[in-house]
Amino acid sequence: MQDYLAGLNERQREAVLHINGPLMIIAGAGSGKTKVLTTRIAHLMATGVDAFNILALTFTNKAAREMKERVERILGNNEARNLYIGTFHSVFARILRAEAHRIGYPNSFTIYDTDDAKSVVKTVINEMQLDEKLYKPATVYNRISSAKNALVTPAEYANDYYIQQEDIRGNRPAIAKIYDAYCKRCFKNGAMDFDDLLLKFYELLKTFPDVLSKYQHKFRYIMIDEYQDTNPAQYEIVKLLGAMNENVCVVGDDAQSIYSFRGATIQNILQFQKDYDDVKVVKLEQNYRSTQNIIHVANEVIRNNKAQIPKVLFTENASGEKIKIVRTMTDNDEGKFVADTIQEQKLRNHYANKDFAILYRTNAQSRAFEESLRRMNIPYTMYGGISFYQRKEIKDFVAYLRLIVNKKDEEALKRIINYPVRGIGKTTIDKILLQANTHNITMWEMLENADRFGFRAGTLNVIQDFVVMIRSFTSMLEKQNAYDVAFHVGKQTNLVKELFNDKSTEGLQRYENIQELLNSIKEWVESPDNEEGEVVDKSLGAYLQQITLLTDADNKDPDADTVKLMTIHAAKGLEFACVFAAGLEEMLFPNAMSINTREELEEERRLFYVVVTRAKKKLWITYANTRYKFGSLVQNEPSRFIDELPADYVDSTYAGGGTKQSTFGFGSTGSAYERMSGGWSSTGFDAGKKFGPPPAKKTTPEYLSPKPEAKKVADHTPSADFQASDVNDIAVGQRVEHQKFGFGEVLKLEGNQHNKMAIIRFDQNGEKKILLNYARLRILNSQL
DNA sequence: ATTACTTGCCTTTTT
DNA sequence: GGCAAGTAAT
């Protein structure tokens with residue numbers, strides 16, 4: 001009966017068997033953390049704790065899903081379905097849906113994703129008539145998000161001396177006002193952003209003792225995964241929920257704290273022992289994942305950090321190979337090396353595609369790897385793109401559904417009011433917005449009363465048609481299920497038809513995506529609609545809230561036999577037989593944004609620790625001498641982290657670059673600079689052989705061949721002596737040369753002196769109106 | 001009002 | 001090198 005304990009080591013068993021009272025598990029990388037958590041949940045249930053009383057919080061949907069599945073497997077029954085396992089965001093959203101009315105929100109509140117939130121910020125900035133150049137929505141949103149994560153209210157933000165000084169120094173003193181307006185606007189829209197899901201839940205617990213008591217009694221056992229990544233909001237919530245029973249179990253590894261940019265504070269885990277009396281601490285230090293070499297290197301790396309809980313990872317696994325450090329000329333060569341090596345390893349050691357992961361610091365690095373893998377026909381999956389539900393056509397369709405469920409949702413309304421085009425253009429929308437703001441009503445209420453605001457007859461008509469249509473959808477909701485309503489919406493709005501008629505490749509894809517969306521709604525509606533004892537909310541509103549919290553990783557099959565490409569952040573918690581840690585260059589990793597303080601640098605080092613410990617058998621660390629950034633070539637030093645690796649445990653090689661035959665020849669590959677610097681430092685110059693030449697390589701790969709360019713304007717190459725003349729000298733009747741349009745004659749001059757325009761008839765391109773302030777014109781002859 | 005093209009700005013990591 | 005915002009043209 002208790003055979004689930006059999007596969008555990010001493011420490012792990014200690015953690016599992018501790019049932020009552022606070023528990024902190026410091027779980028080193030690969031030490032069986034998930035196993036301990038899931039076994040502990042199973043053990044709680046085996047000793048009589050009701051699944052309904054157990055709450056387990058994770059950071060990703062995937063971790064939650066895996067945990068639930070593993071508990072089910074251990075228990076061998078379906079009691080696990082009654083567990084409350086989910087991400088912080090999804091669990092709190094679910095509770096808020098039941099309680100939102102208490103804090104003045106509609107229960108069918110909309111969840112704004114980051115794009116929606118930035119759009120609201122932008123709206124607010126525009127309405128406050130602030131300079132959008134200075135107040136960039138993304139920057140301001142980040143600032144607001146940080147404040148929320150730190151539980152700083154708009155009032156506190158405005159009154160805090162240091163925060164204000166910081167904003168003034170950044171020349172953005174109005175952020176406090178934007179923050180305040182943003183919150184009010186979201187509230188008016190009946191919407192919460194991601195941070196609100198934590199913040200509002202906290203407010204709810206803090207403000208209503210009966211609500212707090214209800215959930216304290218419900219969640220008698222609380223488990224938190226990745227505790228080192230919690231922020232102050234999450235910390236306070238856990239503290240409140242756990243205050244009654246103090247059965248709080250946190251699992252984490254301070255060495256893997258890599259989310260400070262999202263407000264995570266490593267202090268939460270460092271100080272857990274001070275938060276409760278009698279904290280039981282268990283350290284899991286035996287690693288079951290990696291070779292001794294990898295573990296040794298990881299330990300050496302992290303030793304350079306100061307602030308940490310002392311622990312040393314060890315393993316009984318084989319010592320394995322040395323870590324390979326590989327230098328290439330360019331980022332493309334890096335990609336090529338990795339793809340070649342994967343191919344070679346597959347052949348020589350019979351690895352499958354899914355045994356490989358290419359991990360990098362920034363998403364922008366994925367391109368070179370994608371290209372090289374595609375060229376070698378190696379299947380891969382890239383994580384970190386936009387999720388299915390963030391695609392334009394999906395968001396447009398979903399916006400209809402959002403508006404049907406929540407009429408206050410201004411972002412949804414703005415998205416679809418003229419999609420498909422029905423003649424409600426920018427001018428009209430601006431007018432609606434202005435009126436709505438001055439009368440302090442929502443845009444929708446404005447539309448419902450459009451007849452009172454003096455729109456032109458035609459405009460009024462289309463507005464009223466729109467209102468009638470949306471209302472008819474809403475009334476459908478009362479009698480029909482979410483899928484039927486969604487299907488009807490697609491039909492009635494002509495959206496589906498319009499996409500169906502678009503026969504371009506992208507159009508076809510968009511059409512298929514919409515079909516997939518409809519299928520997913522259908523699946524949602526038809527999946528079992530109650531978990532034992534608790535009716536699951538199958539409304540359209542619940543569906544919409546749920547999909548906003550899905551990431552692109554949630555749509556992908558982790559077991560697919562493909563090479564995985566992702567950022568190191570996304571790889572936390574995963575393991576692969578063979579790992580390529582790419583782009584180990586100064587300014588990239590550690591990233592230029594994170595080298596200004598000791599704290600930042602230590603977090604970068606923890607990131608490096610994370611990537612090293614993802615590998616089970618083999619680890620390559622690669623870097624390029626030069627790489628493209630924003631389309632131009634930059635040169636970087638090797639990362640300082642490479643210097644921190646113990647020399648006895650690594651092999652350094654040079655994988656060369658470009659095409660071997662023509663490395664010093666004239667030709668096809670790379671710039672002169674690349675070819676010239678190709679030969680220096682010949683550590684293992686035969687490495688090309690060692691890593692095996694890819695089969696049947698062309699001398700000039702097709703990706704380097706010049707591409708024919710399509711031009712719409714008739715070609716004109718400016719004369720060699722082209723020089724722009726002073727615009728004030730231009731007069732009617734002159735022959736002029738334009739850099740792109742070619743030769744022509746000035747027909748007419750218009751505009752005032754600040755906004756001079758010329759009508760020119762070009763020999764090749766017809767008449768054009770040219771703004772003289774910007775155009776570069778050469779006067780060929782003066783007829784005066 | 002809508003489209004088609006040019007420009008400017010960018011990138012750190014994400015529930 | 002790529003996307004969103006701004007602008008010229010129908």
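On a predicted model such as this, the values are computed, not experimentally measured, just so you know.
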Open item on the list: For A:Glu132 and A:Phe630, find the nucleotide of DNA chain C closest to each by heavy atoms; which residue's nucleotide sits nearer the 5' end?
Closed with: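 Of the two residues, A:Phe630 wins.
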Residue-phosphate contact under 4.0 Å: [X] side-chain N/O, [N] OP1/OP2:
{"X": "A:Asn418", "N": "B:dT2", "answer": "yes"}
{"X": "A:Lys136", "N": "B:dC10", "answer": "yes"}
{"X": "A:Thr427", "N": "B:dA1", "answer": "yes"}
{"X": "A:Asn363", "N": "B:dT13", "answer": "yes"}
{"X": "A:Ser632", "N": "C:dG1", "answer": "no"}

Identify whether any heavy atom of [X] sits under 4.0 Å from a base atom; if not, whether one sits that close to sugar-phosphate; answer base, sugar-phosphate or nothing.
{"X": "A:Lys118", "answer": "nothing"}
{"X": "A:Phe589", "answer": "nothing"}
{"X": "A:Ser90", "answer": "nothing"}

Over how many whole Å does the gap from [X] atom [atom1] to [N] atom [atom2] extend?
{"X": "A:Gln390", "N": "C:dC3", "atom1": "CD", "atom2": "C1'", "result": "15 Å"}
{"X": "A:Phe59", "N": "B:dT14", "atom1": "CZ", "atom2": "C1'", "result": "11 Å"}
{"X": "A:Ile417", "N": "B:dA1", "atom1": "CD1", "atom2": "C1'", "result": "15 Å"}

TODO: Determine the interatomic distance between C1' on C:dA4 and the same-named atom on B:dT13; round to the nearest Å.
DONE: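 Their C1' atoms lie roughly 22 Å apart.
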- [ ] Sticking with atom C1', work out how far B:dT11 lies from C:dG6, rounded to a whole angstrom.
- [x]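 Per the computed distance, 22 Å lies between those C1' atoms.
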Open item on the list: Let me spell it out: for each of A:Met593 and A:Lys133, pick the nucleotide of DNA chain B with the closest heavy atom. Which residue's pick is nearer the 5' end?
Closed with: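 This one resolves to A:Lys133.
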Task: Nearest-nucleotide 5' precedence on DNA chain B, A:Lys629 against A:Thr58 - done: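 The residue whose closest nucleotide sits nearer the 5' end is A:Lys629.
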Open item on the list: Taking the side chain as everything from C-beta on, heavy atoms only, tell me whether A:Leu574 gets closer than 4.5 Å to A:Lys62.
Closed with: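 A:Leu574 reaches A:Lys62 side chain to side chain.
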Task: Contact summary for A:Glu586 and A:Asn636, nearest pair of heavy atoms - done: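 Smallest interatomic distance, heavy atoms only, reads O-CG, 3.4 Å.
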Open item on the list: Tell me whether A:Lys564 forms a cation-pi arrangement with A:Tyr383, defined as NZ or CZ under 6.0 Å from the six-membered ring centre and within 45 degrees of its axis.
Closed with: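 Ring-cation test returns no.
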TODO: Using the six-membered ring of A:Phe59, assess whether NZ or CZ of A:Arg262 lies under 6.0 Å from its centre and within 45 degrees of the ring axis.
DONE: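 No.
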TODO: Identify the residue among A:Phe589, A:Tyr609, A:Tyr623 that makes a ring-ring contact (aromatic ring centres under 6.0 Å, His included) with A:Phe641.
DONE: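 Only one option passes, and that is A:Phe589.
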